[in-house]
Amino acid sequence: MPELPEVEVIRQALVPRVVGRQIEAARICEPRLTRRGGTPQEIGSALAGRTVAAVRRRGKYFLFDLGGESLIVHLGMTGQLLWWNTREEFRPDMHTHAHLCVSGGGVLSFRDVRKFGQMFLLPTAAVDRTLGIGVEPLDDGFTAEVLRRFCRASGARIKPLLLDQRKVAGIGNIYADESLFRAGIRPTRRASSLRPAEVQALRRAIRAVLRAGIRHRGSSISDFRDPCGEPGHFAPLHRVYHRHGEPCVTCRTPIRRIVLGQRGTHFCPTCQR
DNA sequence: CGCACCCCCTGCCGGC
DNA sequence: TGCCGGCAGGGGGTGC
């Protein structure tokens with residue numbers, strides 16, 4: 001579900017609801033969630049009493065800053081962070097694996113059908129080093145020069161390179177395919193073969209697609225919802241993702257689907273070279 | 001280093 | 001109707 005735009009949409013909704021609030025109680029009831037470090041009980045008790053100083057994002061990770069430590073949350077494929085205004089409204093179901101009761105009466109719950117999501121604590125100062133993820137594509141630091149350096153240094157095809165979180169953080173399968181379409185670049189191209197003008201176009205396309213995703217409040221392919229249960233509206237604006245067989249919006253050639261790096265990959269064989 | 005392949009987990013959808 | 005394979009937005013590990 002969640003790539004950079006979806007995580008950012010959720011983050012923006014959470015800021016006014018949890019920043020400055022105290023975590024009065026925390027319960028984690030799925031051991032898989034904390035596999036990266038600590039037991040559910042340890043993390044739950046470590047959270048109780050802490051105050052949320054900020055909610056930040058790095059790539060597809062949420063960082064809840066708690067004063068010295070940060071609660072790191074990753075949604076995996078199907079994770080959801082849902083907001084409930086009162087304890088009485090809170091309705092956990094069989095896929096609700098954690099919840100935080102915050103001051104003011106609200107509840108933040110973590111629901112994840114496939115259990116690929118994660119929650120763990122890190123010293124705030126160690127977050128970047130530990131997560132080991134790359135440049136933020138919407139930051140000023142993501143220049144054409146930076147992208148060109150990644151491309152030149154890599155023997156990989158361009159799409160798997162875009163999905164490598166150690167290089168650029170936050171691009172997932174949807175936004176990689178959409179960015180490559182808008183840049184007119186075939187996903188199977190060797191990254192090192194991209195000409196400077198193509199790298200420039202790709203950088204611009206990545207930023208435009210991610211911004212559009214945020215502006216339209218995310219891509220709801222099946223189960224993405226914001227914390228208030230609202231779906232995003234970007235999926236109807238996808239030009240290639242999950243559109244195999246449909247005519248290309250530009251040239252009417254049927255969109256093709258191949259498998260690349262074990263991921264479904266969608267492109268226009270005419271517009272993307 | 002790249003990459004093919006496997007795993008984790010659950011639900012849905014289409015074909016037979 | 002029921003079963004089975006394929007597929008799904010995530011990442012991590014192994015071995016060549």
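Remember, predicted model here, so these are calculated numbers, not experimental data. In what follows, chains carry the letters A, B, and so on, assigned in the order in which the sequence lines appear, proteins first and then strands, with residues in each chain numbered from 1.
A salt bridge does not link A:Lys60 with A:Glu3: none of the charged nitrogens is closer than 4.0 Å to a carboxylate oxygen.
Mapping A:Arg157 and A:Arg114 onto DNA chain B by nearest heavy atom places A:Arg157 at the nucleotide closer to the 5' end.
The neighbour count for A:Arg166 CZ, taken as heavy atoms of other residues, nucleotides or ligands under 6.0 Å away, does not exceed 12. No more than 12 heavy atoms of other residues, nucleotides or ligands sit less than 6.0 Å from atom CZ of A:Arg204. More than 12 heavy-atom neighbours from other residues, nucleotides or ligands sit within 6.0 angstrom of CG on A:Asp93.
Atom name C1', nucleotides C:dG2 and B:dC9: the rounded distance is 23 Å, in whole Å. Comparing the P positions of C:dC3 and B:dC8 gives an interatomic distance of 23 Å, to the nearest angstrom.
With a cut-off of 3.5 Å on both pairing distances, the Watson-Crick or G-U wobble partner of C:dG11 is B:dC7. Base pairing analysis places C:dG5 opposite B:dC13; the two distances defining the Watson-Crick or G-U wobble pair are each below 3.5 Å.
At the heavy-atom level, A:Gln262 lies under 4.0 Å from base atoms of the strands shown. Among the protein residues, A:Arg190 comes within range of the sugar-phosphate backbone only, with heavy atoms under 4.0 Å from sugar or phosphate atoms but none that close to a base.
Atom-to-atom, CG of A:Asp112 to C1' of C:dA8 comes out at 13 Å; the value is rounded to the nearest Å. A straight line from CD1 of A:Ile72 to P of C:dG11 spans 15 Å, rounded to a whole angstrom. Taking atom CZ of residue A:Arg166 and atom P of nucleotide C:dG11, one finds them 11 Å apart after rounding to whole Å. Put simply, CD on A:Glu6 is 12 Å from P on C:dG9, counting in whole angstrom units. Atom CZ in A:Phe150 sits about 17 Å away from atom C1' in B:dG2, given to the nearest Å. Taking atom CG of residue A:Leu162 and atom P of nucleotide B:dC3, one finds them 13 Å apart after rounding to whole Å. In this structure, CE of A:Met77 is placed 12 Å from C1' of B:dG11, rounded to the nearest angstrom. A:His266 places its NE2 atom 7 Å from the P atom of C:dG9, with the value rounded to the nearest Å.
Distances were taken from every side-chain heavy atom of A:Arg36 (C-beta onward) to each of B:dG11, C:dG12, C:dG9; the shortest belongs to C:dG12. Of the candidate nucleotides C:dG9, B:dG2, B:dG11, B:dG11 has the atom nearest to the side chain of A:Val113. Across C:dG11, C:dG9, B:dC8, the shortest atom-to-atom separation from the side chain of A:Gln165 is found for C:dG11. The side chain of A:Glu3 has C:dG9 as its nearest neighbour among C:dG12, C:dG9, B:dC9.
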Could you walk me through whether A:His266 and A:Asp177 pass the side-chain hydrogen bond (donor to acceptor under 3.5 Å, both in side chains) check? CA-CA 6 Å; A:His266 315 77; A:Asp177 282 2; 2.8 Å; yes
Audit row: A:Leu180, A:Leu162, side-chain contact (heavy atoms from CB on, under 4.5 Å) steps and yes/no: CA-CA 10 Å; A:Leu180 288 165; A:Leu162 292 182; 3.9 Å; yes
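The shortest distance between the side-chain N/O atoms of A:His95 and the OP1/OP2 oxygens of B:dT10 is not below 4.0 Å. Remark: A:Ser154 is in phosphate contact with B:dG2, judged by side-chain N or O atoms under 4.0 Å from OP1 or OP2. An OP1 or OP2 oxygen of B:dC8 is reached within less than 4.0 angstrom by no side-chain nitrogen or oxygen of A:Lys115. An OP1 or OP2 oxygen of C:dA8 is reached within less than 4.0 angstrom by a side-chain nitrogen or oxygen of A:Arg257.
Of the residues in residues 238-249 of chain A, those lying under 4.0 Å from DNA chain C by heavy-atom distance are A:Tyr241, A:His242.
A stacking contact links A:Phe116 to B:dC8: the aromatic ring centre lies within less than 5.5 Å of the base's six-membered ring centre, and the planes differ by less than 30°.
The two residues A:Asp112 and A:Leu75 come nearest to each other via the heavy atoms OD2-O, 4.2 Å. Closest non-hydrogen pair, A:Phe224 versus A:Arg217, comes out as CE2-O, 3.3 Å.
Between A:Tyr61 and A:His74, the two ring planes are perpendicular [angle over 60°; tilted spans 30° to 60°].
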